[in-house]
Amino acid sequence: MKLSKMLFKSLRETPSDIELESHKIMIKSSLIHQAGSGIYSYLPLAWKSLRKIEQIIREEIDNVGGQELRMPVIQPKSLWDKSGRSISMGQELFNLNDRRQKPFVLAPTHEELLTSIVKEMIYSYKSLPQLIYQMQTKLRDEPRPRGGLLRVREFIMKDAYSFDLNKDGLDESYENLSNAYMNIYNRCGLEVIKIEADSGAIGGKDSHEFVAISDAGEDKIVICNNCNYSANSEKASFSKKQYTIDSNLENQEFPTPGIKTIASLCKFAKVESYQTIKAMFYNSKDELICAVIRGDYEINELKLARAIGDPNIKPASNELLKKHDIPAGSASPLGKSIKVIADDSLLKANNYIAGANKEGYHIKNVNIGEDFTASIIEDISQIPDNAQCSKCNKDLSFKKAIEVGHIFKLGTIYSEKFDANYLDINGKSKTIEMGCYGIGTGRLLAAVIEQNHDKNGPIFPKSISPYDLIISPIKYENKIIKEYSDKIYDLLKSNKFDIVLDDRKESPGVKFSDADLLGFPIRLIISEKLIEQNMIEIKLRNSEESIKIENKKLIDYLKK
RNA sequence: CGGGGUGUGGCGCAGUUGGCUAGCGCACCAGUAUGGGGUACUGGGGGUCAUCGGUUCGAGUCCGGUCACCCCGACCA
């Protein structure tokens, strides 16, 4: 490839509204072009790199038995009505109608369609397990696209789906994919850690995220440096302090005029926050829910939503509270016949102060199980900044990270909705166990650049670099230099190297800067002096030094 | 959806209290010299000033609406 003919234009100044390094680099080196908010073209350079990433993914997924197919982006909305996600995914779904006003969606993912395909094609245990995947464009009307390719509305994702006989089979498929994922990231030159994650709107049980540590990331993750426990902070558990004393005491109501917050209550009653109960009220399907937690912790609404089994909970309105006669500031579950979800921290202390459900009054020595009961008691707390590991009790640390892969054990939630069943060896109908596994390829590329760059541009790992190397001849217009450079170019091409020749009439400075901005691992420099000595200069992108070798030895050198 | 910001050639910017053919740098084209880290000089091409409406003799500039993009938050496989 001759650089003069490449769809490439290096920008000296980047658009002023760009913040992230990877985004800047991708714009400056013409990897991508923005068409709208969160909508990008992959220009030839990025596309070459993405195809290499796709090929690595393909090889690794095939290696664990994957079969590639391709499903449509545009799908009848009825599929999504069937799974319930036309509602649960809400605004994120791109909707449109055809000319007959029949509703369609632009697919944000493909569980629905593939499950319905499998339902039609799989009848027997003999056909299972299956691992199906594709590389396909996904569309999601994100509320806020950001950071170049990091969060976009149209993107390419490798999505794989496993179909197994039972839970053991699912566990095995999940493990296989998890291993394949680590291989993929290694081969792409990306440092990634696997963490426990929340499965969110997609549903399901176990879920892990693969994240690249980076300040550009949107995820906050928790890591234990001692025992390697790691999780998304949305889901992370931690060790809750134990404060239980002697025995439970008798209730005692006392006036607390104007006291509305835990902080003011502690000050007023001269107690620590762990001696109080915080009550929060939510609306789940128009039912009032009371979530209670020890005063020294905060409620994590994601965990709460999971505990209740309703992803769409929202804070209770004042009207709803009034209807149940609950006074804000002095509220608690005491004496109320409403559904109560308690954080397990409440079990680790006793004789709490809680609201009396009477304006301006609280009650001392409240105990869970005695004075009120909760229908669910589990961890619904937000992890605090100074938390300790739930496994080894050592301090946890927080990092920002880019989510570059997410895997889920779906179980039977989709197979049940789509009647994806099979007959087992005894002729009994069973439901297929499913898993799903996603990697966004554009985001992966952005993460690689985020982790591998310097002030001059990207430093592509060899495996996903758009080209193997660039030849930068100084004074290419000179006939001797041109002939020599062209000869090297042809030689390398015939040896199957994928190369770019900088044939432009530019000064050395411009050529070198652009070579750095292109980020290929190797740069060959050709100049008049070097030709006289039958030498050629090799500069690696990831090092400052360059070496000179005899031109005869070039191919051997590059091949090693 | 809430808060903040920005829209003037491809990119970065200037444009006074409204006043002449709307400027500058980079990039682009032609040329001369130069040739190891964005070289110098000369001459060119390219803009309905986001858009719609209003005020005015006159609007890039003042007023109002709309749109787009960016950032923070909410939200979110």
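We name chains A, B, ... by the order of the sequence lines, and we start the count at 1 in each one.
- Nucleotide B:U51: paired with B:G65 (Watson-Crick or G-U wobble, both distances less than 3.5 Å).
- Rounded to whole Å, atom C1' of B:G35 lies 15 Å from atom CZ of A:R504.
- Contact annotation: side chain of A:R523 to base of B:G37, donor-acceptor pair present below 3.5 Å.
- Checked against B:C26, B:C28, B:G36, the side chain of A:R12 finds its nearest nucleotide in B:C26.
- Remark: A:S16 is in phosphate contact with B:C13, judged by side-chain N or O atoms under 4.0 Å from OP1 or OP2.
- Separating the CD atom of A:E528 from the C1' atom of B:U34 is a distance of 13 Å, rounded to the nearest angstrom.
- Under the Watson-Crick or G-U wobble criterion, with both distances below 3.5 Å, B:G2 is paired with B:C72.
- The A:S507 side chain lies nearest to B:U39 when the options are B:G37, B:C71, B:U39.
- Between the side chain of A:E13 and the base of B:G38, no donor-acceptor pair under 3.5 Å is found.
- Remark: the A:K505 side chain and the B:U34 base include a donor-acceptor N/O pair separated by less than 3.5 Å.
- For the salt bridge (Lys or Arg N to Asp or Glu O under 4.0 Å) condition, the pairs that include at least one residue of residues 145-157 of chain A, sequence neighbours left out, are A:D141-A:R153, A:E142-A:R151, A:R146-A:E218, A:R151-A:E218.
- A perpendicular orientation is assigned to the rings of A:Y437 and A:Y181, their planes being inclined by more than 60° (bins at 30° and 60°).
- Within the 4.0 angstrom heavy-atom criterion, only backbone atoms of the sugar-phosphate kind lie near A:E19; the bases stay farther away.
- A cation-pi contact, defined as under 6.0 Å to the ring centre and within 45° of the axis, links A:R523 to A:F512.
- We find that CD of A:E218 is positioned 9 Å from P of B:C72, with the value rounded to whole Å.
- In this structure, A:H406 and A:F408 have parallel ring planes: the angle between them is below the 30° cut-off, well short of the 60° mark.
- Nucleotide B:A74 holds its P atom 16 Å from the CD atom of A:E92, rounded to whole Å.
- Residues A:E537 and A:S546 bring a donor and an acceptor atom of their side chains to less than 3.5 Å of each other.
- For B:G38, the base has no donor-acceptor partner in the side chain of A:E506 [N/O atoms by modelled type, under 3.5 angstrom].
- Distance from the side chain of A:P15 is smallest for B:C11 among the nucleotides B:G37, B:G35, B:C11.
- Between the side chain of A:N478 and the base of B:G35, no donor-acceptor pair under 3.5 Å is found.
- Counting non-hydrogen atoms of other residues, nucleotides and ligands closer than 6.0 Å to CD of A:E191 gives a total of 12 or fewer.
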For nucleotides 1-7 of chain B, list the nitrogen or oxygen atoms of the protein found under 3.5 Å from its nitrogen or oxygen atoms, one pair per line.
none

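- Side-chain to base pairing of A:R146 with B:C71: no donor and acceptor N or O lie closer than 3.5 Å to each other.
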